[in-house]
Structures are given as structure tokens and as C-alpha cells.
Amino acid sequence: EAEVAQSPRYKITEKSQAVAFWCDPISGHATLYWYRQILGQGPELLVQFQDESVVDDSQLPKDRFSAERLKGVDSTLKIQPAELGDSAMYLCASSRSGGGGSYNEQFFGPGTRLTVL
Amino acid sequence: GDSVTQMEGPVTLSEEAFLTINCTYTATGYPSLFWYVQYPGEGLQLLLKATKADDKGSNKGFEATYRKETTSFHLEKGSVQVSDSAVYFCALSAGTYKYIFGTGTRLKVLA
């Protein structure tokens, strides 16, 4: 069964360092999402891609976070510099399309747990 | 704006007990509703969904009915198992791509 792949699974870094997370969506899924999940809370959308284009990055802290999906397949989320408050689980999800209905059912990867010291 | 409210946890039950996790929502239009489950250290897995009023989603013994009149989508299971211990998230998608998640309810089932 196809799955969303993420790496690394765990990352420990010191504040002010740069970190990067990678996501490979399910083959054929045009839409890719990055979420941040703070401990004890639900996921919150950071950025959504439709193919290689950003559709929504309204909740992405653009002073330190960046995301790209250059060829419309895999994606990288970067934080530079990392801050203590960035400690969270970063989840990637994909769907066949970004529209409504069953075609936007989102499939989640296992996540990257980031700890900033 | 759109929102999802879940009952706070943790919920602790004995094996074979009946489970209810309450979820209510606020949304414009006619959202699709979802329950996701998250096991320790893992991502979210879709448990069940309903796309219109009065639909009942079901999977692995869990079920939830989309109640438009009460704006609710409560999760139920007749007999829980230890393996059901996890965090459960209610979510909605109101006609667009965006999912709005509740804060999650932790379930602990004791043998």
C-alpha cells in the first residue's frame, strides 16, 4: 500500500541552527500539505502545494520557515534559525487533488519530531 | 471561522467498555467530517468519514453519524480493546482543501 514518506523521523537541534525535513507524497498525488502539531494539540496547516505551486502559506512563519516542491513531487520544509518554540511534530500529507469531496482525502506520513534545545 | 470542538481527555476505560468521544463543529456550508487516529510516535490515520448529513461512517467497529441538526459527529465503539489506546482527532473540511482539526482526545484502555 502506498504511503507518504518522511525523513528524518526524529531531529534534535540547538536553537539558531538550521533544520530541514523531507517528504515524498503518494505517487500521483498532486497536493501536498505540511502541518505542525504541537504536543497536546491538533495539526495546524503551515503550507499547501498544488503541484509545484504554493496555494496557501498564510500560517507559515516566513521570517524563518520556507518550503519548496520544485518538481511537483517531493518537498522540503526548512527552518532557519530554529527557536525553542519550534519543537513539535511536523506532519506531511498528500491528496489526489486540492478540491472538495473525496478527492481531497488526505493521507499522512509518520511525521518528524523536532526537539530544539 | 470554522472550528471543531472535542471532549477533553484523557478517557480511561476498561476493556470491552462502551466508548463515546464527543465532537461538535462550526462551519459555513456543508462540511465533510472525519475521525483520525494517532498511535504513539506515528502520523494520523483516517479512521472514518462522512460527507453529508445523516451519513454514518464506520470502520474497525467504530462508527460516527453526521448530525446536521446538532452539528455533531460523535465517535462510538461498542467494545473497546487495549489496542484502541491512541489519540483520536475529529476534523472537518468545509468545501475547500483545508482541514480543521480538533485538539484530540486521548483514549487509554485498561486490560
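Chain naming here is simple, since letters A, B, ... match the order of the sequence lines and numbering starts at 1 in each. Everything quoted here is computed from the prediction, not taken from an experiment.
- Counting heavy-atom pairs closer than 4.5 Å to chain B, the top-ranked of the candidates A:Met89, A:Gln37, A:Arg113 is A:Gln37.
- At a 4.5 Å heavy-atom cutoff, B:Gln6 makes no contact with chain A through either its backbone or its side chain.
- Side-chain atoms of A:Ser95 and A:Gln106 include no donor-acceptor pair closer than 3.5 Å.
- No donor-acceptor contact under 3.5 angstrom links the side chains of B:Ser72 and B:Tyr25, judged on distance only.
- Ranked by heavy-atom pairs under 4.5 Å with chain B, the list A:Tyr10, A:Phe108, A:Phe107 is led by A:Phe108.
- If you measure heavy-atom distances from B:Leu44 to chain A, the contacts under 4.5 Å come from both the backbone and the side chain.
- Ring pair B:Phe101/B:Phe89 is perpendicular by interplanar angle, where above 60° counts as perpendicular and below 30° as parallel.
- The pair A:Glu105-B:Lys49 meets the salt-bridge criterion, since a charged nitrogen lies less than 4.0 angstrom from a carboxylate oxygen.
- Contact annotation for A:Glu44: neither backbone nor side-chain heavy atoms come within less than 4.5 Å of a heavy atom of chain B.
- A salt bridge is defined here as a Lys NZ or Arg NE, NH1 or NH2 lying under 4.0 Å from an Asp or Glu carboxylate O, and A:Asp74 with A:Arg69 fails to meet this definition.
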